[in-house]
Protein chains: 2
Amino acid sequence: MSQTIAADNFPPRGHEAKRVAIVDAAMSVFCREGFAGANIDLIAAEAGVSRQTVYNHHGDKEKLFVAVVRELTERCNAGIFATLATFPDQPKDLEADLVAYAVRMNRNCICSRDGKFLRKLIQTEGERYPELFAEWRENGPGTTLPALAARFARLAFAGHLAIDDPDVTARQFVGLINAELQIEFMMGIQPSQEEVLQSATNGVRTFLKAYGARQPASRLRETSLA
Amino acid sequence: MSQTIAADNFPPRGHEAKRVAIVDAAMSVFCREGFAGANIDLIAAEAGVSRQTVYNHHGDKEKLFVAVVRELTERCNAGIFATLATFPDQPKDLEADLVAYAVRMNRNCICSRDGKFLRKLIQTEGERYPELFAEWRENGPGTTLPALAARFARLAFAGHLAIDDPDVTARQFVGLINAELQIEFMMGIQPSQEEVLQSATNGVRTFLKAYGARQPASRLRETSLA
DNA sequence: AGAAAATTAGACATCCTTGTCCAAATTGTC
DNA sequence: GACAATTTGGACAAGGATGTCTAATTTTCT
């Protein structure tokens, strides 16, 4: 009755761009300064917006913070699942394929700007907002790790791996490919491409020493039939 | 000339206890609230001391923060080296000994109160005080990881392990035994004893699948002589 | 062009925090 | 018991931040 066909949402429209700009700026500032240290004036300035506009869009510093976390969680989960879709289910060269996958995972999800921000926010404010991050925990690692575990189970079923517990395997895979990046993660530093590749290569190599099938494995299922 | 023989330092004495109480309280508050969110009044109250006393001992919020980090770094490094001294250089049962060592490492150094606090402080304020944490990085992982690597090299030399690069091995060992505690670490939660043991057990098992010497290894050196 | 909605800049009240000062009380030492 | 050092509580100034309000301006849609 009031508007044409409703492009996206009912009340405002195009200047949704400002909303995003505010959330983006808030991300950056909250992560740099922490919740208490973050300054709304600074966020407004960094978003290229007046302070009042920040209050118009999100009513409150705390509400703004929640919006930031939700947005980050969404983006990161989307990235993780997109990357998970590229898991090598039918590997040609298992080691090379897993390394490439590990690098994608790290680059797109963990070392990305969003990944770094989400990690930092969880680290700094996780204890203060348990319900908020419980949501992340459920939709994040609680969903993606089992999904990764399922991929490993499939590889094992196809005879490429010899594993016991797929969930343990998935967690150890992540632990191994990130083994050399722990300090950077703690300090909030973005590892270089070389570091990511190096850590992934070493990690996958060790992973396969532990879990690689002893047979060439490419057609183990047929062999068992013969 | 002024005092007897000087028990420890020249100016004050016994009420050094208050200094420690203040630093302890400051640790707790800084970690809970972050630097910006930490409140000197709260620190004073938690230390059972008046605010003025806090300012008498350490002149400044920032100086107090530095004192906290130094103290934490010292304590944690002491703990790590003490634990490193218990590394199983002549293992009877390699798997059991490594698991026990991993559990000690985690319990005493990483999941301890001090370890948790230091980790949190590095995570939250590491970017803001690079020089302060550069010191930690050097004396912490920069010193302890090579020391751990040396122990693994020794195990390999004695025929208990088959490894290529001891430094990589050491980092992967740490990554594996902590693989299942990552989320707890990020959230600042203290893992339970069972979780620590579980993660260590699974981690060591995988570690040995990858790096365990193929021979029984207990007397490989003699064998090679024969 | 004209109307409605959103944005802006600035002033403003309020609250909180840091850090200082000081006089009185407490503590510890000889 | 007396003296020196330390601690205490409270008052205090200065600064900074949040969140509100308002009038003017800009943007957007029809």
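Numbers restart at 1 for each chain; the letters A, B, ... are given by sequence-line order, proteins then strands. These numbers come from a predicted model, not from an experiment.
Atom NE2 of A:H58 and atom P of C:dT7 are 11 Å apart (whole Å). Rounded to whole angstrom, the span from the CG atom of B:N56 across to the C1' atom of D:dT6 amounts to 8 Å. When rounded to the nearest whole Å, the span between CD1 of A:I40 and P of D:dA17 equals 11 Å. Residue A:K61 contributes atom NZ, which lies 12 Å from atom C1' of D:dG16 at whole-angstrom precision. The interatomic distance linking A:E33 (CD) with D:dG16 (C1') rounds to 14 Å, in whole Å. If you measure from atom CD1 of A:I43 to atom C1' of D:dT18, you get 12 Å, rounded to the nearest angstrom. Atoms OH (A:Y55) and P (C:dG10) sit 17 Å apart, rounded to a whole Å. If you take CZ of A:R19 and C1' of C:dT7, they are 15 Å apart, rounded to a whole angstrom.
Relative orientation of the A:F207 and A:F152 rings is tilted, given thresholds of 30° and 60° on the angle between their planes.
Of the candidate nucleotides D:dG19, C:dT8, C:dG19, C:dT8 has the atom lying nearest to any side-chain atom of A:V49. In the set C:dT7, D:dG19, D:dT7, the nucleotide with an atom closest to the side chain of B:K18 is D:dT7.
Panel note: side chain B:N77, backbone B:N139; a donor-acceptor pair is recorded below 3.5 Å. Of the possible donor and acceptor atoms, one in the side chain of B:R128 sits under 3.5 Å from a partner among the backbone N and O of A:R32.
Positionally, the nearest nucleotide of DNA chain D for A:N39 lies more toward the 5' end than for the other of A:N39 and A:Q52.
If you look at A:F65 and A:Y129, their ring centroids are closer than 6.0 Å.
At the phosphate of D:dT6, neither OP1 nor OP2 sits under 4.0 Å from any side-chain N or O atom of B:H57. Contact between the side-chain N/O atoms of A:S50 and the OP1/OP2 oxygens of C:dT7 is not found at any separation under 4.0 Å.
For B:R51 and D:dG9, a side-chain-to-base donor-acceptor distance below 3.5 Å is absent, hydrogens and geometry of angles not being considered.
Taken to the nearest 0.5 Å, the CZ atom of B:R151 stands 8.5 Å off from the OG1 atom of B:T86.
Residue B:A36 is classed as having no contact, given no heavy-atom separation below 4.0 Å to the nucleic acid. Note on A:A44: nothing from the nucleic acid sits closer than 4.0 angstrom, heavy atoms only.
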